[in-house]
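Worksheet: the structure to be examined is printed underneath.
These figures come from a predicted structure and were not determined experimentally.
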Amino acid sequence: MPYPLSIKLPEASKEEDCDNDSAHRRFSISSTPGGLGSRLQLPSRPVSLTDEEAALHELGYGPNLSLTPSFSTSRVERLLRERQLRRSNSLYNLESRENRPIKQPGDDAAAGGASGVGRGGADGRRARAEEGPVTGIKFESTGALSAKHVREKQRLLVVANRLPVSATRKGESSWALELSAGGLVSALLGVRQFETRWIGWPGVNVQDDKGQKSLSSALEEKGFIPVFLDEETVDQYYNGYCNNVLWPLFHYIGLQQEDRLAATRSLQSQFSAYKRANRLFAEVVLSQYQDGDVVWCHDYHLMFLPKFLKEANSRMKLGWFLHTPFPSSEIYRTLPLRSELLKAVLTADLIGFHTYDYARHFVSACTRILGLEGTPEGVEDQGKLTRVAAFPIGIDSERFIKALETDMVRSHIQKLRGRFAGRKVMLGVDRLDMIKDQRLTSQVHEIVGRINGRFGTLGTVPIHHLDRSLEFHELCALYAITDVLLVTSLRDGMNLVSYEYVACQNTKKGVLILSEFAGAAQSLGAGAILINPWNISEVAASIEDALTMKEVERKERHRHNFMHVTTHTAQVWADTFVSELNDTIVEAELRTLRIPPWLPLEKAVEKFQESKNRLLILGFNATMTAQVEAPGRRGPDQIKEMKLRLHAGLKDAFNVLCMDPKTTMVILSGSERSVLDEAFGEFNMWLAAENGMFLRHTQGEWMTTMPEHLNMDWVESVQLVFDYFCERTPRSYVEARETSLVWNYKYADVEFGRVQARDMLQHLWTGPISNAAVDVVQGSKSVEVRPVGVSKGAAIDRILLEIVHSRHMTTPIDYVLCIGHFLSKDEDIYTFFEPELPFERDICGNGKTLEPKLPFDRRIGTKGCERILAKNSNKVGVTRSKIFPLLSPERNGSHSKSDDRKFSEGPSDEESGKWEGSSVLDLKGENYFSCAVGRKRSLARYSLGSSEEVVGFLKAITKIYTEVPPGECSPKQPESPARDTWHSSPKSSKIASQNQL
């Protein structure tokens, strides 16, 4: 798909840029002579706790988890189920606070229209509210309603920069509060299904304790929690970084170019204040938070808040919503400290935007700047998924519709109709900021004065300019008598003025002219006339079309817009966002149950110490390589990262482990032999290069373990394809190995690299490898072609046999540690050593992993070993006359003799006699530790996050060599002067330069 993002089906409308505060709106009314002279109510969604929810609650999901019946297995099914439940509830109108019987659509003309209300069936399955408050119901599949598992409303903590009130101090401990109007306030006025607490800055500077306590008390009575900021912080954080840096940039206005040195110093100070203010918000939120609450952070003022909250409580349900546009990655990457902001926001569980375009830009910024993986669901970072989606905001349309029926608004409408009789009225409601049409107040005044002076008369003027806000009833009346609403924003997050106008136009059915750069254009584009505000001629032509539009077309356009505005309300927006957030938490928890748990360090070290013969198999790249830090860069440093270097912290650990005769170390990597020689040549260990196709001990020569008759005829044709795409994809490169070819686009443009990879795969399958016996292995940012059967899991069998034979191993291996960052194709190595076949982890009620029921081994038996040895005998020069079991019969009684694997002959018949009947592997399940590094979805038993954690684990193992209880033999003292008894026969030392590719 072209863009890694999905738009959710139950699209709830989302909120307008918070800057659309009606207290600062300017109204312009134009009148021209010669003019022409049922709604759906979506009440609060009752939420029921089903038996399935109760069971999952026992797993620790919390009491406020919203789940659907068990048959709704997928995320889309769950969301559609909740969407249908909301629509059904809209018919029953079961609002607990109203406690009144349900009305059919149309029973009350003032409460609804007929459009789209017949869903859910009106076949008598109606319900009346129970006596007393009802806060939740269970909607059965048969249509019946049950009060089972009724629970209280979910608490919603709304965190925004400003509280929706204006506070005025009347005395030392007395305050007057007045509710403010604005985009976010208007949207959340209709949200009634949650117990909402609003947290934000009160907008006044209160330094004394008595004043803070009295204001806090007054606000808490209204459900508001203040965050007190000092004047300097407000100036640097709000006026500085928020309004002078983030807001212009998010609206496609570049950073200031003058005096960059001074601007940089100022920017650093403002950024520090921004983080400080966000931390103060976090402290207040944490003081109010209760288990099960949903925390909803709003807008660019609080981009660091998710990070601070998640650091304090990782299980918190947390969403973040942006009410402005999010710019393209080419604009956003000009922001200094851009990565810190993105990483902070990504700690949220769900990130919401008004439109698909804004969400797509955000995902693109994360992939291009942070190098993360963009998926159809959002952004993934080492298995942790942050969901990103579009949620267009709406308004409380019912508030406007009902207001039109009040006497006060009707009276005002009659006055305005009389005043503008015989004229057509055009209306513009705007803030005079640098993004909307007019840029400066003085310019607007000048233009209005010039037009009115030229075309006005003593009795009338064509433009009425009101440089102030209007009362709500005045605004509704003005909307109702307007013929054309003109919205010409150059860049706007949503613009709810257009929604308010449509809600008040069900009688007149006026025309909406809407800028295509406003977020509302994607929601109301069907009925509006979309314009490019930069094209003045197009705007003029659109005004003419609107004024002369026929009534039939006006009604049809209005019908589309009115249906959207009255169904995609603020209540649906909030409900959908929280439902999606709850579902995201569920999926994250279920994903956590499916992924390997963290490696139990203490247990692994303890079992290591107790064992007598240990085998350590370690990967190299991304497992033991040093991380290359490139702070402030757009992406990774290609030159430094392409040179694989062993982590410096591992050298001491390797020196200790390699001296232990009870420990065998194998480095198993896809890298070439020269790379492993350079990194590990100084240590006493085994090296397996190119996915195990080449093997050597560091004291010996390379030998090949490749199967006989390995077909490599495809190499030349595939090499041509890879070279072609390498030339077409800047910063990509080809790794030509002896047994495989790899095209890597890790350092290329991520989106372009994916497109090229798809094109390459299509070309490969229809051309060079259409009939070849090869496997195509797709990594996150690579494509590898290798012969069929070449994998780390397939090679480990031959590697193990060679090691056992060469070391004259007499003690069974009773401890295996396998750690690596392997491709999915190579993860069969994890299952190779499993004492029992890998099984699906079943989860019981307490969250513990259940034991498998049908254990059996899936590895090749004696015949398979003989067959492999026979194929490789000519290549590696080893004659194997005796095979010994690889599995201990005592460990797994279900194995027959034919399923046992044995290893090669020793150097003499006498030694062979000692080994006969013994087991090379006597591995119990508790002594096997397979661990994936940096991969959350793996066949391994356990996981670690990075190479740093691998270093820490190996260092913890080496501590036992110096921390041995008194009276015990220290592992640090070898049993013999030589570390091992590594042996190589003349034939087995055949050098890889004689390989038979």
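Ala736 meets the side chain to side chain contact (heavy atoms under 4.5 Å, CB included) test with Gln719, Leu741; sequence neighbours excluded. Annotation: side-chain hydrogen bond (donor to acceptor under 3.5 Å, both in side chains) contacts of Asn655 (sequence neighbours excluded): none. Listed by chain and number, the residues in a side chain to side chain contact (heavy atoms under 4.5 Å, CB included) with Asn744 are Tyr733, Glu735, Lys746, Ser782 (sequence neighbours excluded). Partners of Thr623 according to the side chain to side chain contact (heavy atoms under 4.5 Å, CB included) rule, which considers only residues two or more places apart in sequence or in another chain, are Ile819, His821, Val933, Val950. Judged as a side-chain hydrogen bond (donor to acceptor under 3.5 Å, both in side chains), and not counting sequence neighbours, the contacts of Asn691 are Lys792. The side-chain hydrogen bond (donor to acceptor under 3.5 Å, both in side chains) check on Glu926 picks up nothing, with sequence neighbours excluded.
In this pair, His697 and Trp686 present their aromatic rings perpendicular. The plane angle is above 60°, beyond the 30 to 60° band.
A salt bridge links Arg786 to Asp826: one of the charged nitrogens lies within less than 4.0 Å of a carboxylate oxygen. A salt bridge links Glu610 with Lys607: at least one charged nitrogen is closer than 4.0 Å to a carboxylate oxygen. Note on Lys924 versus Asp814: no salt bridge recorded, every NZ/NE/NH1/NH2 to OD/OE distance being 4.0 Å or above. Salt bridge annotation for Arg941-Glu834: present, with a cationic side-chain nitrogen under 4.0 angstrom from a carboxylate oxygen. The pair Asp652-Lys955 does not count as a salt bridge, with every side-chain nitrogen at least 4.0 angstrom from each carboxylate oxygen.
Within the 4.5 Å cutoff, the side chain of Tyr815 has no heavy atoms near those of the Gln609 side chain. Looking at Pro600 and Tyr942, their side chains come closer than 4.5 Å, going by heavy atoms from C-beta outward. The shortest distance between side-chain heavy atoms of Leu676 and Phe620 falls below 4.5 Å. No side-chain heavy atom of Thr625 sits less than 4.5 Å from a side-chain heavy atom of Leu646. Taking 4.5 Å as the limit, every side-chain heavy atom of Val656 sits out of range of all side-chain heavy atoms of Asp660. Under the 4.5 Å side-chain criterion, counting only non-hydrogen atoms from C-beta, Leu720 is not in contact with Tyr724.
When every heavy atom of His647 is checked against every heavy atom of Ser947, the shortest pair comes out as CD2-OG, 4.4 Å. Taking each heavy atom of Val774 and Val788 in turn, the nearest pair found is N-CG2, 3.4 Å.
Between the side chains of Glu380 and Thr375, no donor-acceptor pair is found at a separation under 3.5 Å. For the residue pair Glu373/Ser780, the side-chain donor-acceptor check at 3.5 Å is not satisfied. Side-chain polar atoms of Ser611 and Arg614 form a donor-acceptor pair below 3.5 angstrom.
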Could you give me the CA-CA distance, side-chain angles and deciding distance for Ser740 and Glu690, then say whether side-chain hydrogen bond (donor to acceptor under 3.5 Å, both in side chains) is met?
CA-CA 8 Å; Ser740 65; Glu690 298 201 22; 5.0 Å; no
